[in-house]
Amino acid sequence: MKHFTLEHAPQDALAHERIAVIGYGNLGRAFALNLRDAGVPRLVVGNIDDDYRVAACADGMTVRSIADAVRGSDLAVLLLPDEVLPEVFPVEIGPHLRAGASVVFASGYNLAYGLTNPGKALDILMLAPRMGGETLRERFVQQKGFNAFISVEQDVTGKAWTRLLGLAHAVGALRNGCFELSARQEADLDLFIEQTLGAVIGFAVMNAFAVGVENGLPPEALALEMYMSGEMETVWRGFRTTGFRESATVHGPTAMYGGLMRTMQFFGTGLADRFQDIFKEIQAGQFAEMFQAEREAGYPTLRKAAQMNAYLDVIADAEAKLRRLRSEG
Ligand code: NDP
């Protein structure tokens, strides 16, 4: 993968560009604050009339309607929820952008599955951070930066890379390194890991909790063991700092033997085949279709999620008790 760092930052790339940050949610606010603090001179926020707009005004941003913010901008950074963009883009964004402007997506989702088509007159860029807005902002303030996948999907102006790297620099992504990845690959990767690794971790926590409680273990002890003590975080830190293979050796023979033996048993359950099926469904756009239908129906599955596991309330109680005990201690 091509890697971009501070040495690839173009000089004054955004000095004369008007940047519209569309959406002031999790990522929108962090991006706008970072751009402001990086000294980007012509910054405007586009948002509907809601609490996020109030927040943007309170932060001292120049706030306009989405269409007004987009009109006359050189770069429109689209920070609306992925599944919302297909409705908003053709009405509030696309028609108001002038030819030769750049649209920047923060994930590959809309481009990969053909949900939003910006047409042939715009630069199409992707700057997809690998973390959420709050951490991204915190790391910018600490001058640490964050990783992102970037790509130029269409360059009609000849300035697409300069604009993209200028933007990546201003929001802080070049400080920690950007990697080139196509929108298609970013979307497949993001969804694949969320729906395999993410799903398995969530499933394991809920089921270990349920089985542990049913067998008489105190809920607080289970929460402490699984994540409240912070021990599990050291496992992931070990993957990052020492390496996945090496870090496995620091947990002692009991944990190694037990973990390895059970992992081998899980291999026999068809989990790896299920991962293959999931990748194929994502790549074929089936997941995106399902998710857009979920939005159109008013998110019935997401609303039901809280009732998915009867133990979620027990888990929340155990966490609250632990927090109280710790603050009293
Ligand atoms: P949020 O849900 O936090 O914020 C979205 C913004 O869009 C809010 O201002 C929201 O206002 C507005 N919005 C929602 N619906 C509409 C609508 N129908 N019309 C107009 N405005 C609307 O989104 P995120 O910041 O989480 O995500 C933005 C992008 O960043 C996505 O592409 C996502 O994939 C990407 N991303 C997000 C990361 C994260 O951790 N959050 C990490 C990396 C990338 P309101 O709700 O009041 O309508």
Side-chain angles (χ1 to χ4, degrees), residues 19-35 44-59 61-70 75-96 103-113 115-116 118 124-140 145-151 153 164 167-168 171-173 176 178-179 181 183-195 198 282 287-288 291-292 294-299 302:
I19 302 184
V21 170
I22 305 304
Y24 205 72
N26 185 291
L27 211 60
R29 178 168 191 260
F31 262 46
L33 291 175
N34 290 5
L35 289 170
V44 59
V45 169
N47 208 86
I48 51 174
D49 209 358
D50 63 0
D51 288 348
Y52 290 113
R53 185 190 183 94
V54 176
C57 292
D59 286 337
M61 297 290 166
T62 302
V63 190
R64 302 273 180 265
S65 71
I66 293 178
D68 282 348
V70 157
L75 281 91
V77 189
L78 309 182
L79 300 173
L80 303 179
D82 290 325
E83 75 280 16
V84 168
L85 211 45
E87 291 157 28
V88 178
F89 189 91
V91 183
E92 299 287 323
I93 300 172
H96 307 285
V103 274
V104 188
F105 291 78
S107 91
Y109 182 85
N110 270 272
L111 298 170
Y113 309 118
L115 300 172
T116 294
I124 305 174
L125 318 177
M126 182 190 74
L127 196 174
R130 303 334 284 165
M131 60 180 57
E134 274 171 33
T135 325
L136 182 155
R137 171 67 184 157
E138 212 173 275
R139 290 181 63 89
F140 177 92
F146 58 93
N147 291 133
F149 290 126
I150 58 173
S151 125
E153 299 284 316
L164 180 59
L167 183 72
V171 293
N176 207 29
C178 289
F179 299 87
L181 199 70
R184 174 85 224 192
Q185 288 175 313
E186 192 278 340
D188 287 346
L189 170 72
D190 188 56
L191 296 176
F192 177 62
I193 297 304
E194 277 169 6
Q195 294 174 29
I282 290 169
F287 170 78
F291 189 42
Q292 293 310 123
E294 166 79 4
R295 166 160 175 78
E296 272 159 38
Y299 301 104
L302 284 182

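Predicted model, so just to flag it, every value in this text is computed and none were measured. Remember, it's 1-based here, ligands and their atoms both numbered in the order they're listed.
Between Glu186 and Arg130, at least one side-chain N (NZ, or NE/NH1/NH2) sits under 4.0 Å from a carboxylate O, which counts as a salt bridge.
Partners of Ala168 by side chain to side chain contact (heavy atoms under 4.5 Å, CB included), not counting sequence neighbours, listed by chain and number: Leu127, Ala173, Leu174, Cys178. In this structure Arg29 satisfies the salt bridge (charged side-chain N to carboxylate O under 4.0 Å, His left out) test together with Asp59, sequence neighbours excluded.
Heavy-atom contacts from other residues, nucleotides or ligands closer than 6.0 Å to CG of Asp51 number 12 or fewer.
Listed as neighbours of ligand 1 are Gly23, Tyr24, Gly25, Asn26, Leu27, Asn47, Ile48, Asp50, Tyr52, Ile66, Leu79, Leu80, Pro81, Asp82, Val84, Val88, Ala106, Ser107, Pro129, Met131, Gly132, each bearing a heavy atom under 4.0 Å from the ligand.
The list of salt bridge (charged side-chain N to carboxylate O under 4.0 Å, His left out) pairs with a residue in residues 82-92, not counting sequence neighbours, reads Glu87-Arg295.
Note on ring orientation: taking the six-membered ring where Trp is involved, the planes of Phe146 and Phe31 are tilted (angle from 30° to 60°).
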